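Remarks on the structure that follows.
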Amino acid sequence: MTRFQQRVYNIVKRIPRGKVATYKVVARAIGNPRAMRAVGNALNKNRDKRMSCHRVIRSDGMVGGFARGTKEKIRLLRSEKVMIINKKAAVKHIISKF
DNA sequence: CTAATGACCATTA
DNA sequence: ATAATGGCCATTA
């Protein structure tokens, strides 16, 4: 586990149920404002099902990728009442700061 | 060390 | 409105 991954997970862990954050905002929160792409890579490697990496989406509102499939990601989000239309999450759920 | 990869982003066409 | 492009960065081969 690299330190970068640690920092990412520590932030992602704090996203409350029913809310989502963008890769970009997470990158900013860990102090690497331009590392949003690397954030996605870090989450991709996570195999811990207990961790809620499905709450991280793209900055344009699209749900984005998921290690176990976008379908599953959407299913998980819907299960916690996050409204999704055309693979896009409703703005009201998106958190923009920590 | 260099090169390639990808759960991204903003700009441009 | 959609699609392509160049850039960015941690990790891995």
Side-chain angles (χ1 to χ4, degrees):
Chain A
M1 176 88 86
T2 68
R3 183 153 52 263
F4 181 79
Q5 291 172 334
Q6 297 252 12
R7 289 199 297 255
V8 171
Y9 298 154
N10 281 332
I11 292 299
V12 171
K13 244 188 307 186
R14 332 209 309 236
I15 308 175
R17 247 186 82 201
K19 294 282 176 190
V20 293
T22 69
Y23 295 99
K24 186 181 177 182
V25 167
V26 172
R28 186 153 44 103
I30 67 176
N32 295 43
R34 284 162 283 179
M36 54 308 250
R37 198 163 187 182
V39 167
N41 288 332
L43 292 177
N44 186 31
K45 286 175 195 155
N46 174 58
R47 294 288 180 285
D48 184 5
K49 283 186 168 165
R50 298 176 314 167
M51 208 196 42
S52 49
C53 46
H54 62 280
R55 304 205 182 113
V56 187
I57 67 173
R58 306 186 359 175
S59 52
D60 60 4
M62 302 287 294
V63 293
F66 194 62
R68 309 198 295 281
T70 301
K71 307 281 300 177
E72 177 66 2
K73 186 170 184 176
I74 292 177
R75 193 188 67 72
L76 288 167
L77 289 172
R78 289 240 168 89
S79 79
E80 30 184 89
K81 310 296 182 200
V82 175
M83 177 173 167
I84 297 175
I85 299 171
N86 276 337
K87 300 191 193 292
K88 266 183 95 178
V91 195
K92 58 177 301 192
H93 302 93
I94 306 178
I95 199 122
S96 50
K97 86 170 207 182
F98 285 92

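Computed over heavy atoms, backbone and side chain alike; hydrogens, waters and symmetry mates excluded. Below, chains carry the letters A, B, ... as their sequence lines are ordered, and counting in each starts from 1. Just so we're clear, the structure is a prediction, and the values are computed from it rather than from any experiment.
- Side chain of A:Q5, nearest nucleotide from B:dA7, C:dA10, C:dT11: C:dT11.
- In terms of phosphate contacts, A:N41 brings no side-chain nitrogen or oxygen within less than 4.0 Å of OP1 or OP2 of C:dC9.
- With distances taken from any side-chain atom of A:A38 to the nucleotides C:dC9, B:dC8, C:dT12, the minimum falls on C:dC9.
- The residue A:Y23 sits close to a base: some heavy atom pair falls under 4.0 Å.
- In this structure, A:A35 reaches the sugar-phosphate backbone alone: every heavy-atom distance under 4.0 Å involves primed, P, OP1 or OP2 atoms, never a base.
- Side-chain atoms of A:R37 lie closest to B:dC8 of the nucleotides B:dC8, C:dT12, B:dA7.
- In terms of position along DNA chain B, the nucleotide closest to A:N44 lies nearer the 5' end than the nucleotide closest to the other residue of the pair A:K24 and A:N44.
- Distance from the side chain of A:K73 is smallest for B:dA7 among the nucleotides B:dC8, C:dT11, B:dA7.
- One finds no side-chain N or O of A:S59 lying less than 4.0 angstrom from the OP1 or OP2 phosphate oxygen of B:dC8.
- Applying the 6.0 Å contact sphere to CG of A:D60 captures more than 12 heavy atoms from other residues, nucleotides or ligands.
- Contact annotation: side chain of A:R58 to base of B:dC8, donor-acceptor pair absent below 3.5 Å.
- Nucleic acid contact class of A:N32 (heavy atoms, under 4.0 Å, all strands): sugar-phosphate only.
- Looking at A:R34, its side chain has no donor and acceptor atom pair within 3.5 Å of the base of C:dG7.
- The pairing partner recorded for B:dA13 is C:dT2, the criterion being a Watson-Crick or G-U wobble arrangement whose two distances lie under 3.5 angstrom.
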